[in-house]
*Asks:* 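First the structure, which I've put down as structure tokens, then a few questions once you've had a look.
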Amino acid sequence: FRAEELYKYYKVYETIGSGGFAKVKLGRHILTGEKVAIKIINKKDLGDDLPLVKLEIEAMKNLSHQHICRLYQVIETSTQIFMVLEHCPGGDLFDYIIAKARLSEEETRVFFRQIVSAMAYVHSQGYAHRDLKPENILIDEDHNLKLIDFGLCAKPKGGLGYELMTCCGSPAYVAPELIQGRAYIGSEADVWSMGVLLFALLCGDLPFDDDLKITRGKYDNPHWLSPGSVLLLNQMMQVDPKRRVTVKQLLDHPWVMKDHNSPVEWDSRQLLGHIDEDCITEMAVNMKRSRESTTALVREWRFDHTTATYLLLLSKKQRGKPVRLCPQP
Ligand SMILES: COc1cccc(Nc2ncc(-c3ccc(C(=O)NCC(=O)Nc4ccccc4)cc3)c(OCC3CCNCC3)n2)c1
């Protein structure tokens with residue numbers, strides 16, 4: 001049966017993506033008029049992987065960062081789970097690279113700094129992504145990147161289990177230690193994937209097209225790559241994870257610093273603790289509640305309709321749009 005809860009607060013439109021356990025539909029939050037992405041997971045498709053979704057939702061609640069897609073609301077019914085997420089109008093980086101064939105070193109550097117920022121933050125929160133690839137990086141309306149994890153692969157960093165190898169990582173981006181079924185450290189495997197991603201951005205192609213090539217770590221550098229790019233790629237795609245550059249070292253790596261002269265800022269600019277007064281005022285008026293009780297409600301961060309309304313109002317304000325809710329009949 002349909003989820004009244006979802007249709008009470010959102011208009012639901014066409015499917016904009018599907019894969020693995022989930023499908024994503026375009027939606028619109030009725031009260032703010034803001035577009036959202038609604039990730040729909042059918043519990044029966046998950047089977048005993050249902051805990052993975054709970055892990056993902058808990059991860060999303062802790063991951064609040066300018067280069068990670070926001071979670072606004074979670075709605076659970078007996079058969080489905082709906083995750084209401086930030087919508088990125090620019091689509092994903094995979095389509096973007098295809099459209100441009102390959103990116104200049106300068107444009108790649110701007111994007112790569114944002115990916116390093118997101119990954120440094122994810123690792124600082126104790127998670128590893130494990131499925132980094134252009135399909136999992138979206139472009140927002142300001143042409144900034146937002147990291148997503150479409151396939152429920154992000155895990156607490158410590159995971160050494162091999163089971164992740166099965167459900168996670170798209171072959172071309174997976175680190176050699178995973179291919180060989182060895183114990184691995186999530187953050188080190190993520191750096192390898194970031195190297196493959198950097199190659200894809202700069203070359204419009206993939207460095208490896210089979211597992212043997214990945215375990216040998218041998219690939220050809222196209223002639224247009226600068227010596228600095230060749231060196232960085234080599235430092236990231238080291239077969240021995242202990243010889244691989246770390247995310248921390250990437251923050252102020254010479255290639256990353258070129259033309260920017262400052263290390264990558266990876267701290268979150270979206271602290272959940274701060275409550276915006278204008279948003280509270282608008283919500284209190286709309287909900288016919290006092291500002292104090294509205295503030296207390298928002299501070300509970302239940303990721304219910306109150307959380308969604310507050311975060312979407314805040315997003316409107318940050319984009320210079322009026323902090324207004326559309327009063328309902
Ligand atoms: C041309 O216009 C277009 C065209 C296409 C799409 C859009 N927009 C658009 N906006 C938003 C989404 C989305 C956001 C979050 C999640 C998610 O799963 N979050 C969970 C999450 O991120 N966890 C997590 C993150 C970091 C660490 C740990 C856990 C899933 C989907 C979307 O999807 C559909 C895309 C997906 C990529 N391949 C193409 C279809 N699409 C726009």
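In listed order, ligands and their atoms are each counted from 1. Only a predicted model underlies this, so the values are computations on that prediction, with no experimental measurement involved.
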*Asks:* Are side-chain heavy atoms of L225 and C203 found at a separation under 4.5 Å?
*Replies:* yes

*Asks:* Supply the members, apart from V110, of the Ile/Leu/Val/Met/Phe/Trp/Tyr cluster built from side-chain contacts under 4.5 Å; use none for a lone residue.
*Replies:* none

*Asks:* Which residues, ordered by chain and number, are linked to F94 in its hydrophobic cluster, where ILVMFWY side chains connect at heavy-atom gaps below 4.5 Å, directly or through other members?
*Replies:* I98

*Asks:* Atoms of ligand 1 less than 4.0 Å from V24 heavy atoms?
*Replies:* 31 (C), 33 (O)

*Asks:* Determine, considering heavy atoms only, which of L138, L55, L71, L85 sits nearest to atom 12 (C) of ligand 1.
*Replies:* L138

*Asks:* With no hydrogens and no angle check, do the side chains of K25 and T15 hold a donor and an acceptor under 3.5 Å apart?
*Replies:* yes

*Asks:* Classify the angle between the aromatic ring planes of Y10 and H305 as parallel (below 30°), tilted (30 to 60°) or perpendicular (above 60°).
*Replies:* perpendicular

*Asks:* Closest non-hydrogen protein atom to atom 18 (O) of ligand 1, residue and atom name please, with distance?
*Replies:* K39 NZ, 2.6 Å

*Asks:* What protein heavy atom lies closest to atom 20 (C) of ligand 1? Include the residue and the distance to one decimal.
*Replies:* E56 OE2, 3.2 Å

*Asks:* Taking a cutoff of less than 4.0 Å between a non-hydrogen atom of the residue and any ligand atom, is K146 in contact with ligand 1?
*Replies:* no

*Asks:* Quick one: look up the protein heavy atom nearest atom 4 (C) of ligand 1 and list residue, atom name and how far away it is.
*Replies:* G91 CA, 3.8 Å

*Asks:* Any idea which protein heavy atom is nearest atom 28 (C) of ligand 1, and the distance to it?
*Replies:* A154 CB, 3.3 Å

*Asks:* Using distance alone, with no hydrogens and no angle criterion, decide if E265 and S117 have a side-chain donor and acceptor under 3.5 Å apart.
*Replies:* no

*Asks:* To the nearest 0.1 Å, how far is atom 38 (N) of ligand 1 from its closest protein heavy atom, and which atom is that?
*Replies:* D92 OD2, 2.9 Å

*Asks:* Quick one: look up the protein heavy atom nearest atom 2 (O) of ligand 1 and list residue, atom name and how far away it is.
*Replies:* P89 O, 3.5 Å

*Asks:* Could you tell me whether D240 atom CG has more than 12 heavy atoms of other residues or ligands within 6.0 Å of it?
*Replies:* yes

*Asks:* Could you say whether the N/O atoms of C88 and ligand 1 ever approach to under 3.5 Å?
*Replies:* yes

*Asks:* For atom 27 (C) of ligand 1, what is the nearest protein heavy atom, given as residue, atom name and distance?
*Replies:* L63 CD1, 3.5 Å

*Asks:* Pick one of side chain, backbone, both or neither for how E135 approaches ligand 1, counting any non-hydrogen atom pair under 4.0 Å.
*Replies:* backbone

*Asks:* Is the closest N or O pair between H129 and ligand 1 shorter than 3.5 Å?
*Replies:* no

*Asks:* When you measure from atom 35 (C) of ligand 1 to each heavy atom in D140, I16, T15, which option holds the nearest one?
*Replies:* I16

*Asks:* Are a donor atom and an acceptor atom from the side chains of E105 and W255 found within less than 3.5 Å of each other?
*Replies:* yes

*Asks:* If you count the non-hydrogen atoms of other residues, nucleotides and ligands that lie under 6.0 Å from CZ in R216, is the total more than 12?
*Replies:* no

*Asks:* Has N136 got a side-chain atom pairing as donor or acceptor with D131's backbone, closer than 3.5 angstrom?
*Replies:* yes

*Asks:* Run the numbers for me: atoms of ligand 1, each under 4.0 Å from some heavy atom of E86, listed by number.
*Replies:* 10 (N), 11 (C), 14 (C)

*Asks:* Who's the nearest protein heavy-atom neighbour of atom 15 (C) of ligand 1, and how far?
*Replies:* I148 CG2, 3.5 Å

*Asks:* State whether a side-chain donor-acceptor pair under 3.5 Å links H123 with D190.
*Replies:* yes

*Asks:* Against ligand 1, does A59 come closer than 4.0 Å with any heavy atom?
*Replies:* no

